[in-house]
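In what follows, a structure is listed as structure tokens, so that the remarks can point back to it.
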There are 2 protein chains.
Amino acid sequence: MNINQADDALLALAQSFREALRQIVYVMRRLDSEEQLSSAQLGVLKMALDGGARVGGIARNLGVKVPSATEQIIKLERAGLVKREADPDDSRAVRVAATAAGRAAVENADRRRNQYIAGILGTLSQEERDAVEAALPVFDKINNSVQN
Amino acid sequence: MNINQADDALLALAQSFREALRQIVYVMRRLDSEEQLSSAQLGVLKMALDGGARVGGIARNLGVKVPSATEQIIKLERAGLVKREADPDDSRAVRVAATAAGRAAVENADRRRNQYIAGILGTLSQEERDAVEAALPVFDKINNSVQN
DNA sequence: CCTAACAGTTAGGTTACCTAAATATCAAGG
DNA sequence: CCTTGATATTTAGGTAACCTAACTGTTAGG
């Protein structure tokens, strides 16, 4: 009995959680549609900031397959925001590194997006902001458990 | 000074929040890719459960334009999960109603998805689950503030 | 009635994914 | 060395979900 109650509570939480997830996806889509750089491209660019990242690593971090990452990288390259160069240690690999323009674009996009989100968070009460803050590391943990 | 500190804290929270949003989008994508019914289609189906929903309302609720909603509705109709019928009050409008098969599909998909999410939430501590639960209504509020 | 506004569908295009196949390089064993 | 299997990326081709613009039919106000 007790165990079933726990299960029921968990399933109820799961249901609410799923609704929140769905809404968040829409929020994200909205946010993305108002910017030049998609959030996936911004993610690539950030990985390319320090020293350069490999295509496989970028794909893994983005949660997509390698060809999809390549596609975004090529777009960023055409936009002059990253450059692709041979990996000195492994000639099979490609290192993707941000250009100066790329670096500037990250700062710009980050600032704009943070201000947009901060504008929304600013309408919340302190308690609500605290609730969000407390939940964020849990979302991180959830994400990691889905990865595997 | 004080105001700027508040701004900085808000921007920092916004930054962490954005990272969580991005991760959640990936969790959602993963979840969707393992199911027959996309979460958008499941959303349509749920709106079609009680009495029937209009295409425009479905689109609004889904956060997409009307033609995109029509497209999903047609797919569901071809799969035998909804039927489209004239609105008795307004012949311009179409009412989308779930069939018996559609009703069953909702129950099935909901159960599967809830169990998947519950499986993840079950690995969390009680405190972590509480943190998630406390944050969910805030996400709801955020979503509403983005809608306008 | 006529006309503007509205509800949906159709047509055509874009973007972000995916899988499978091709290319190039690496590393380990014989 | 040289082959062979694994690894890193790109290319080719396809799908699904979205969009805007244009079209059809219906309603409702002047």
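Labels below follow one simple rule: chain letters A, B, ... track the order of the sequence lines, proteins then strands, and each chain is numbered from 1.
A donor-acceptor pair is defined here as one N or O able to donate and one able to accept, closer than 3.5 Å; no such pair exists between the side chain of B:Arg54 and the backbone of B:Arg95.
At D:dT10, one or more side-chain N or O atoms of A:Arg84 fall inside 4.0 Å of OP1 or OP2 (strictly under the cut-off). Remark: A:Lys75 is in phosphate contact with C:dA16, judged by side-chain N or O atoms under 4.0 Å from OP1 or OP2. Under 4.0 angstrom from either OP1 or OP2 of C:dT15 there lies no side-chain N or O belonging to A:Gln41. Not one side-chain nitrogen or oxygen of A:Arg92 sits closer than 4.0 Å to the OP1 or OP2 atom of C:dA27. B:Ser91 has no side-chain polar atom (N or O) that falls below the 4.0 Å cut-off from OP1 or OP2 of D:dT26.
Here D:dT10 presents its C1' atom at 15 Å from CZ of A:Arg54, a figure rounded to the nearest Å. The separation between A:Lys65 atom NZ and D:dT15 atom C1' is 16 Å, rounded to whole Å. Distance CG (B:Leu62) to C1' (D:dC19): 15 Å, rounded to an integer number of Å. The interatomic distance linking A:Gln36 (CD) with C:dT15 (C1') rounds to 16 Å, in whole Å. Protein atom CD of A:Glu71 is 7 Å distant from nucleotide atom C1' of C:dC17, rounded to whole Å. Separating the CZ atom of B:Arg29 from the P atom of D:dA17 is a distance of 13 Å, rounded to the nearest angstrom. Rounded to whole angstrom, the span from the CE atom of A:Met28 across to the C1' atom of C:dT15 amounts to 16 Å. With rounding to whole Å, A:Ile73 atom CD1 is found 10 Å from D:dT9 atom C1'.
Contact detail for B:Leu76 and B:Gln41: the closest heavy-atom pair is CD1-O, 3.8 Å.
Listed nucleotides: C:dC26, D:dT9, C:dG8. Nearest to the side chain of A:Val94: D:dT9. Here the nucleotide nearest the side chain of A:Ser68, chosen from C:dT9, C:dT25, C:dC18, is C:dC18. Here the side chain of A:Pro67 is nearest to one of C:dG8, D:dT11, D:dC19, namely D:dT11. Here the nucleotide nearest the side chain of A:Val64, chosen from C:dC18, C:dA7, C:dT25, is C:dC18. Distances from the side chain of A:Ala40 to the nucleotides C:dA20, C:dC17, D:dT9 place C:dC17 closest.
In this structure, the side chain to side chain contact (heavy atoms under 4.5 Å, CB included) partners of B:Glu77, at least two apart in sequence or on a different chain, are B:Val82, B:Arg84. Applying the side chain to side chain contact (heavy atoms under 4.5 Å, CB included) criterion to A:Gln126, with sequence neighbours excluded, gives A:Arg129, A:Asp130.
Residue A:Asp87 is classed as having no contact, given no heavy-atom separation below 4.0 Å to the nucleic acid.
Outside the 6.0 Å centre-distance limit, the rings of A:Phe17 and B:Phe139 are not counted as a close aromatic pair.
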